[in-house]
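To keep things clear, I will list the structure first and then write my remarks on it.
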Amino acid sequence: MTLKNHDLTSPVDLAGLRYEQVPLVAPDGSAVPGLHWVRITLDNPSQLNAYTTDMVRGMILGMRRASNDRGAVAVVVTGAGSRAFCTGGNTTEYAEYYAGKPDEYRQYLRLFVDMITSILICDKPVICRVNGMRIAGGQEIGMACDYSVSQDLALFGQAGPRHGSAPDGGSTDFLPLFIGAEAAMQSCTLSEHWSAHKAHRMGLISTVVPALKVDGRFVSNPMAITDRWIDDGQIVFGEFKTGADRDAGKALLGSGEVDLSRLDSAVGQLIFKLANTMPGCLTKTIQSVRKHKLEHWDRNRETNRSWLSLNMMTEGRAGFRAFNEGTKACREVDFLLLRRRLAEGAAWGDELTEEVLAKAHQR
């Protein structure tokens, strides 16, 4: 029987995105005939897998293609290398092209919105393989997925209010569902990073495995507290170490090597478990659980898109330029100066933008 093709386009290769079919493998190592899974890789490691416009387009096409793939058991979204899953939008592109151009950014955000939606409506279960930092828009891609399996050196968090935006690409919709309103408020507004162990404790990810090998043996992330739950009545498991403990952890981290074999094993085990279910019942169950995320996403995505576009004339323009033009020492505007100048009645424009950028421009 000749099956009909329901894809919108023929497969297209776009820079920064890899689409691969990977054979389904049983626990004994044998390949399962006729079945596979799809791996979609954000492939921009030199910029910590920050997504460009072309990469966003590729994700939409890839998710649609995978959704229609009859032999695919699941889709795995991951990043290239071991440093980052994804650190969000490409700030170079934002600063040099979209800053100050709200209509252009609005068109870009149509693509971004469609990318998140394509994950939320995929007919296959979608797994986020967190191979490294999952920050900002990377966090939002990950939360749109159905499962998150992470190596324990990964970092999780937002960037919005510190870099001229609001985390309205999904975080303000999804985070309260994952971790509760108060913790979501803290994460979204303060933009502080969490360890993978804390993300797991808070319910943000489903699985965490070690990735650091020292003298041939896997050890837990030495930068995070993983050997106790409580100090002085406060939960400390997963919090970052400080002082001498941090220094010792950093030295141990530097003495080892990153090995993602356990991450790949955990992803493979999850895929095989999913393969051993009724496909129709699995799809319906996933859709039923997803609808809680979709309800919030569908309610807010267009108004968020409109606001984010207009914000590129003011704080977005300044924030993304600061990140792109600054140095490792400072990639942020002078927040206190900005607040003072606005309180004095200063109007947004080139003069105010350059004034608050001065801190990032200092060498």
Side-chain angles (χ1 to χ4, degrees), residues 15-16 44-56 83-84 86-113 133 135-140 155 157-172 185-193 302-363:
N44 184 18
S46 66
Q47 294 181 307
L48 299 177
N49 296 324
Y51 45 77
T52 63
T53 301
D54 274 349
M55 290 167 69
V56 175
R83 292 184 64 200
C86 176
T87 54
N90 193 284
T91 52
T92 300
E93 195 175 55
Y94 284 4
E96 297 180 358
Y97 182 77
Y98 290 115
K101 299 176 183 175
D103 291 336
E104 288 296 299
Y105 196 56
R106 184 183 178 88
Q107 290 195 25
Y108 163 80
L109 286 171
R110 163 57 61 219
L111 294 173
F112 177 86
V113 164
M133 288 184 281
I135 306 295
Q139 176 86 297
E140 291 165 334
L155 298 175
Q158 311 307 134
R162 294 194 67 84
H163 296 292
S165 188
D168 273 342
S171 289
T172 52
M185 185 68 75
Q186 186 179 46
S187 179
C188 284
T189 57
L190 300 181
S191 303
E192 295 174 344
H193 295 168
E302 293 306 317
T303 53
N304 287 347
R305 174 173 165 249
S306 297
W307 183 87
L308 289 167
S309 300
L310 293 173
N311 184 57
M312 267 301 194
M313 290 297 293
T314 55
E315 293 181 358
R317 182 185 182 193
F320 290 125
R321 279 191 57 197
F323 190 89
N324 188 54
E325 298 168 18
T327 67
K328 188 175 182 180
C330 181
R331 294 186 181 275
E332 298 168 346
V333 302
D334 189 329
F335 299 120
L336 301 184
L337 174 62
L338 173 60
R339 286 176 175 272
R340 179 168 62 81
R341 295 290 288 119
L342 291 175
E344 293 168 350
W348 273 106
D350 291 343
E351 183 177 346
L352 179 59
T353 298
E354 295 300 329
E355 187 178 357
V356 300
L357 275 173
K359 183 177 179 180
H361 286 166
Q362 290 175 359
R363 296 293 185 264

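These values consider heavy atoms only, across backbone and side chains, with no hydrogens, waters or symmetry-generated copies. Residue numbers count from 1 along this sequence.
Taking each heavy atom of Pro161 and Pro167 in turn, the nearest pair found is CD-CD, 4.0 Å. The two residues Gln139 and Gly157 make their nearest non-hydrogen contact at NE2-N, 3.6 Å. Pairing each heavy atom of Arg162 with each of Leu190, the nearest pair is CD-O, 3.8 Å. Nearest approach of Asn304 to Thr172, heavy atoms of both residues: ND2-OG1, 4.4 Å. Summarising the geometry of Leu308 relative to Asp168, their closest heavy-atom pair is CD1-CB, 4.1 Å, with the distance given to 0.1 Å. Residues Gln158 and Ser187 share a closest heavy-atom pair of CG-O, 3.5 Å.
Counting heavy atoms from C-beta outward, Met312 and Lys101 have side chains that stay 4.5 Å or more apart. In this structure, Thr353 and Met313 have side chains that are not in contact, with every pair of non-hydrogen atoms separated by 4.5 Å or more. Contact of the Leu342 side chain with the Leu352 side chain is registered, since non-hydrogen atoms from C-beta on lie closer than 4.5 Å. Counting heavy atoms from C-beta on, the side chains of His361 and Arg321 come closer than 4.5 Å. Side-chain contact between Leu111 and Tyr51 is absent, with no heavy atoms from C-beta onward closer than 4.5 Å.
The salt bridge (charged side-chain N to carboxylate O under 4.0 Å, His left out) test with Arg341 is passed by exactly one of Glu351, Glu355, Glu354: Glu355.
Note that the CG atom of Asn44 and the CG atom of Asp54 stand 11.0 Å from one another [nearest 0.5 Å]. For the atom pair OH (Tyr105) and CZ (Phe112), the distance works out to 8.0 Å, reported to the nearest 0.5 Å.
Distance alone, capped at 3.5 Å, is enough to place a donor-acceptor pair between the Thr52 side chain and the Met55 backbone. Asp334 places no side-chain N or O within 3.5 Å of a backbone atom of Lys359 that could act as its donor or acceptor partner. Of the possible polar contacts, none joining the Arg106 side chain to the Arg305 backbone as a donor-acceptor pair under 3.5 Å is found.
With sequence neighbours left out, Thr92 forms a side chain to side chain contact (heavy atoms under 4.5 Å, CB included) with Gln47, Asn90, Glu96, Asn324. Contacts of Ala322 classified as side chain to side chain contact (heavy atoms under 4.5 Å, CB included), with partners at least two apart in sequence or in another chain: Val333, Leu357, Ala360. Applying the side chain to side chain contact (heavy atoms under 4.5 Å, CB included) criterion to Trp307, with sequence neighbours excluded, gives Ala166, Asn311. Here Leu310 pairs with nothing under the side chain to side chain contact (heavy atoms under 4.5 Å, CB included) rule; sequence neighbours left out. Listed by chain and residue number, Glu344 satisfy the salt bridge (charged side-chain N to carboxylate O under 4.0 Å, His left out) test with Arg340 (two or more places apart in sequence, or in another chain).
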- Full working for side-chain hydrogen bond (donor to acceptor under 3.5 Å, both in side chains) between Ser171 and Glu140: CA-CA 6 Å; Ser171 289; Glu140 291 165 334; 3.3 Å; yes

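Neither side chain, Ser165 nor Tyr94, offers a donor N or O lying under 3.5 Å from an acceptor on the other.
No more than 12 heavy atoms of other residues, nucleotides or ligands lie within 6.0 Å of CZ in Arg83, so this atom counts as exposed by the packing criterion. Residue Arg110 places its CZ atom among more than 12 non-hydrogen atoms of other residues, nucleotides or ligands, all under 6.0 Å distant.
Among residues at least two apart or in separate chains, ring pair (Phe, Tyr, Trp, His ring centres under 6.0 Å) pairs with a member in residues 321-355 are His163-Phe323.
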